[in-house]
Amino acid sequence: GENVEQHPSTLSVQEGDSAVIKCTYSDSASNYFPWYKQELGKRPQLIIDIRSNVGEKKDQRIAVTLNKTAKHFSLHITETQPEDSAVYFCAAMIKAAGNKLTFGGGTRVLVKP
Amino acid sequence: DTAVSQTPKYLVTQMGNDKSIKCEQNLGHDTMYWYKQDSKKFLKIMFSYNNKELIINETVPNRFSPKSPDKAHLNLHINSLELGDSAVYFCASSPLAGERTDTQYFGPGTRLTVL
């Protein structure tokens, strides 16, 4: 089955700096890669996603890149703000396999003011 | 912000009891899911239903039984609760048609504590 590895597990950055989280996946059939942000005690919320026919996608301060050959994808947050502090999860899905999302282990991001 | 709702939000119970968690979505979605998030925050899918039909059934003890009375509801019944069942359980849903059939929207979660 699919396996998703996420690094780092914790990330501390100064406000205004960039944060990068990297994920690798094992199944080359995966074709959908969402990123979720989970604040303490809250639900995971989709912040950006990318499909396998696209190499990069940007939405304001967040961007995601996908390298299908290497089977890895990354989340980039620029100009970090204290409200970016949360746990971020990457995930991979094989859409033909019943929309099963396999999550990475999460990255706890702390933005220091 | 209540498009996917769950009840109860918190559930504290004794080992050996049977309990249910309810999930409802008003998004008109056809597919619903149950996820378990353990104490280390790891999120793992348990089940998915598509229009009341079971699609995904991961390696979950058969003490866990999902029930979908209609496509807007997916409940989770747990028999003979064990300490290791303590976790946060999230319901999610996604549409069957349209551009974003892969996008899953999560409910607020139910924190289950087994004593």
Side-chain angles (χ1 to χ4, degrees), chain A residues 1-11 21 23 29-54 57 59 64 66 73 85-110, chain B residues 1-6 9-10 23 25 27 29-51 53-60 66 74 87-111 113:
Chain A
E2 176 67 281
N3 184 46
V4 177
E5 299 282 339
Q6 183 171 346
H7 299 281
S9 56
T10 59
L11 181 58
I21 304 170
C23 290
S30 290
N31 47 15
Y32 173 64
F33 307 90
W35 286 87
Y36 285 84
K37 175 184 180 182
Q38 186 178 29
E39 296 175 356
L40 189 63
K42 300 286 180 65
R43 73 187 79 195
Q45 293 209 294
L46 180 73
I47 55 171
I48 196 167
D49 55 15
I50 191 166
R51 292 173 177 82
S52 58
N53 57 347
V54 174
K57 184 177 177 181
D59 182 4
V64 58
L66 171 65
F73 55 115
S85 297
V87 179
Y88 291 80
F89 292 94
C90 64
M93 175 195 286
I94 302 171
K95 289 200 273 189
N99 277 17
K100 178 183 167 184
L101 265 182
T102 300
F103 282 87
T107 297
R108 186 175 300 276
V109 174
L110 175 63
Chain B
D1 198 39
T2 56
V4 182
S5 58
Q6 293 178 229
K9 190 170 173 62
Y10 300 97
C23 178
Q25 53 92 8
L27 296 165
H29 290 171
D30 301 87
T31 310
M32 296 183 72
Y33 312 81
W34 277 110
Y35 287 86
K36 179 180 180 180
Q37 186 170 44
D38 62 23
S39 57
K40 290 188 165 65
K41 301 294 185 187
F42 190 67
L43 264 168
K44 186 168 167 54
I45 191 163
M46 301 171 69
F47 302 101
S48 81
Y49 267 74
N50 186 344
N51 203 8
E53 181 185 348
L54 182 65
I55 302 297
I56 296 173
N57 184 351
E58 288 294 286
T59 310
V60 177
L74 181 63
V88 180
Y89 292 85
F90 286 100
C91 176
S93 71
S94 64
L96 189 61
E99 288 184 1
R100 299 195 67 83
T101 58
D102 41 25
T103 304
Q104 296 183 19
Y105 300 88
F106 282 76
T110 296
R111 181 176 293 277
T113 303

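Computed from a prediction, not measured in an experiment: that's the story for all the values here. First the proteins, then the strands, lettered A, B, ... as listed; each starts at 1.
For A:F73 against A:C90, the heavy-atom pair with the smallest separation is CE1-CB, 3.6 Å. Taking all atoms of both residues into account, the shortest heavy-atom contact from A:Q38 to B:F90 is NE2-CZ, 3.4 Å. Nearest heavy-atom pair across A:R51 and B:T103 is NH2-OG1, 3.8 Å.
In this structure, the portions of A:L101 lying under 4.5 Å from any heavy atom of chain B include both its backbone and its side chain. When heavy atoms are compared at a cutoff of 4.5 Å, B:I55 approaches chain A solely by way of its side chain, counted from C-beta outward. Interface remark: A:K100 contributes backbone and side-chain atoms alike to the contact with chain B (heavy atom separation under 4.5 Å).
Looking only at heavy-atom pairs under 4.5 Å with chain B, the residue among A:D49, A:L46, A:N31 that has the most is A:D49. Counting heavy-atom pairs closer than 4.5 Å to chain B, the top-ranked of the candidates A:P44, A:P34, A:G105, A:G41 is A:P44. Among B:R111, B:E58, B:K44, the residue with the largest count of heavy-atom pairs under 4.5 Å with chain A is B:E58.
Ring pair B:F106/A:F103 is perpendicular by interplanar angle, where above 60° counts as perpendicular and below 30° as parallel.
To the nearest 0.5 Å, atoms CD1 (B:I56) and CD1 (B:I45) are separated by 4.0 Å.
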